[in-house]
Visitor: 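Provided herewith is a single structure, encoded as structure tokens, for subsequent inquiry.
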2 protein chains.
Amino acid sequence: MNALFKALNDPTRRAILERLRNGPATAGAIAEQFQFSAPTISHHLDLLRQAELVTSEKQGQFVVYTLNMTVFDELLGWLYQFKS
Amino acid sequence: MNALFKALNDPTRRAILERLRNGPATAGAIAEQFQFSAPTISHHLDLLRQAELVTSEKQGQFVVYTLNMTVFDELLGWLYQFKS
DNA sequence: TCAATGATTAGGCAAATGTCTAAATAATTT
DNA sequence: AAATTATTTAGACATTTGCCTAATCATTGA
């Protein structure tokens with residue numbers, strides 16, 4: 001839960017998640033969308049992976065990142081306790 | 001949206017929100033539940049208020065904090081874009 | 001009015017965060 | 001095999017965060 005909120009607490013990481021709504025993408029393709037350096041984006045992707053918001057798979061020399069929506073359910077569950 | 005995720009990115013602040021599910025409480029009553037100093041809790045409450053997750057009302061020498069569930073809808077909306 | 005109570009503000013400090021450049025690792029291409 | 005491309009790791013640095021104590025503000029009670 002901690003890693004989840006931590007991962008979401010950054011606009012760049014949230015933008016990455018929104019990007020991945022359109023389908024999986026390589027680290028490089030993701031990085032292109034932002035003005036930050038590749039290492040910075042790589043670090044953001046690492047935090048997203050720690051929170052299990054994304055999964056990564058190596059395909060040749062590329063690393064493909066995919067949105068993992070499973071974790072959103074956990075978050076929705078936490079939120080719903082407040083809706084009543 | 002930024003203030004919202006920022007406010008949620010702390011276990012103490014999330015615990016305060018859960019405490020307020022049982023109804024409004026004064027700053028002092030909230031602070032009693034935690035081992036942190038009153039100023040620290042006051043600061044957490046301030047961040048929750050900035051995110052509009054709580055409202056505060058002065059009643060005499062007390063300040064009563066109340067959960068504001070309206071903002072949760074915004075968060076739910078953001079999350080739902082990923083569920084489909 | 002003065003003391004006590006509830007709460008916030010101010011200021012300081014260590015740890016965490018987000019960024020960068022340089023270097024390393026891994027896979028492909030020539 | 002060497003050069004190129006994709007990505008991550010390492011290390012540095014400024015900023016932000018979360019905590020504290022001391023001081024201040026505001027309200028109530030003696």
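Every chain is numbered from 1, with letters handed out A, B, ... down the list of sequences. The figures here come from the full heavy-atom set of this structure, side chains too, leaving out hydrogens, waters and symmetry mates.
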Visitor: Taking A:Phe82's backbone N and O only, do any of them form a donor-acceptor pair with B:Arg21's side chain (distance below 3.5 Å, no angle check)?
Guide: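 Between the backbone of A:Phe82 and the side chain of B:Arg21 there is no qualifying donor-acceptor contact (under 3.5 Å).
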
Visitor: What nucleotide, of D:dT7, C:dA22, D:dT27, holds the atom closest to the side chain of A:Pro39?
Guide: C:dA22

Visitor: If you find the nucleotide of DNA chain D closest to A:Asn9 and the one closest to A:Leu45, which residue's nucleotide is nearer the 5' end?
Guide: A:Leu45

Visitor: Measure the acute angle between the ring planes of B:Trp78 and B:Phe5, then classify it against the limits of 30° and 60° as parallel, tilted or perpendicular.
Guide: perpendicular

Visitor: Kindly give the heavy-atom pair with the smallest separation between B:Ala25 and B:Leu20, and that separation in Å.
Guide: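 In this case the closest contact between B:Ala25 and B:Leu20 is N-CD2, 3.9 Å.
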
Visitor: Whole Å only: how far is the CD atom of B:Gln50 from the P atom of D:dG18?
Guide: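 For the pair B:Gln50 CD and D:dG18 P, the rounded distance is 12 Å.
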
Visitor: Between P on C:dT5 and CZ on B:Phe62, what's the gap in Å once rounded to a whole number?
Guide: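 Taking CZ of B:Phe62 and P of C:dT5, I get 11 Å after rounding.
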
Visitor: To the nearest angstrom, how far is A:Ile16 atom CD1 from C:dG18 atom C1'?
Guide: 12 Å

Visitor: Base, sugar-phosphate, or nothing: which does B:Asp46 touch, judged by heavy atoms less than 4.0 Å apart?
Guide: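 No contact at all - B:Asp46 keeps every heavy atom at 4.0 Å or more from the nucleic acid.
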
Visitor: Strictly below 4.0 Å: does A:Thr40 bring a side-chain N or O up to OP1 or OP2 of C:dT19?
Guide: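 For C:dT19, neither OP1 nor OP2 has a side-chain N or O of A:Thr40 closer than 4.0 Å.
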
Visitor: Rounding to a whole Å, what distance do you find between A:Gln35:CD and C:dC20:C1'?
Guide: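 Rounded to whole Å, this separation is 15 Å.
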
Visitor: So which one's nearest nucleotide on DNA chain C is more toward 5', A:Gln59 or A:Arg13?
Guide: A:Arg13

Visitor: Side chain to side chain contact (heavy atoms under 4.5 Å, CB included) for A:Asn68 and A:Val54? Distances and angles first, verdict last.
Guide: CA-CA 5 Å; A:Asn68 173 26; A:Val54 304; 5.7 Å; no

Visitor: When we call it a touch if two heavy atoms are under 4.0 Å apart, what does B:His44 touch: a base, just sugar-phosphate, or nothing?
Guide: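 B:His44: backbone/sugar contact only, no base atoms under 4.0 Å.
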
Visitor: Quick check for you: among C:dC20, D:dA26, D:dG18, whose closest atom lies nearest to any side-chain atom of B:Asp10?
Guide: D:dG18

Visitor: Per the atom types in the model, does the base of D:dT5 pair as donor or acceptor with the side chain of A:Gln61 at under 3.5 Å?
Guide: yes

Visitor: Measuring from the side chain of A:Thr12 (C-beta onward, heavy atoms only), which nucleotide among D:dC20, D:dT8, C:dT19 has the closest atom?
Guide: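 Ranking D:dC20, D:dT8, C:dT19 by closest atom to the A:Thr12 side chain puts C:dT19 first.
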
Visitor: Please report, rounded to the nearest Å, how far the C1' atom of C:dC20 is from the CZ atom of A:Phe36.
Guide: 11 Å

Visitor: Quickly, which of B:His43, B:Arg49, B:His44 forms a side chain to side chain donor-acceptor pair (under 3.5 Å) with B:Asp46? Name it, please.
Guide: B:Arg49

Visitor: Rounded off to whole Å, could you give me the CG-to-C1' distance for the A:Leu47 and D:dT8 pair?
Guide: 14 Å

Visitor: A:His43 has an atom NE2; how far is it from atom P of C:dT21, in whole Å?
Guide: 16 Å

Visitor: Which nucleotide in the set C:dT8, D:dT21, D:dT8 lies at the smallest distance from any side-chain heavy atom of B:Ser37?
Guide: D:dT21

Visitor: Over all strands shown, is A:Tyr65 touching base, sugar-phosphate only, or nothing at heavy-atom distances under 4.0 angstrom?
Guide: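 Sugar-phosphate, no base atom in range.
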
Visitor: For D:dT17, does OP1 or OP2 lie under 4.0 Å from any side-chain N or O of B:Lys6?
Guide: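 Yes.
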
Visitor: Can you find a heavy atom in the side chain of B:Leu53 that is under 4.5 Å from one in the side chain of B:Leu67?
Guide: no

Visitor: Rounded off to whole Å, could you give me the CD1-to-P distance for the A:Ile30 and D:dA6 pair?
Guide: 14 Å

Visitor: Measure from the side chain of B:Ala27, starting at C-beta and using heavy atoms only, and say which of D:dT8, D:dA26, C:dT8 lies closest.
Guide: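 Nearest to the side-chain atoms of B:Ala27, counting from C-beta on, is C:dT8.
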
Visitor: Can you tell me if the side-chain N/O atoms of B:Thr26 get under 4.0 Å from OP1 or OP2 in C:dA7?
Guide: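 Yes.
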
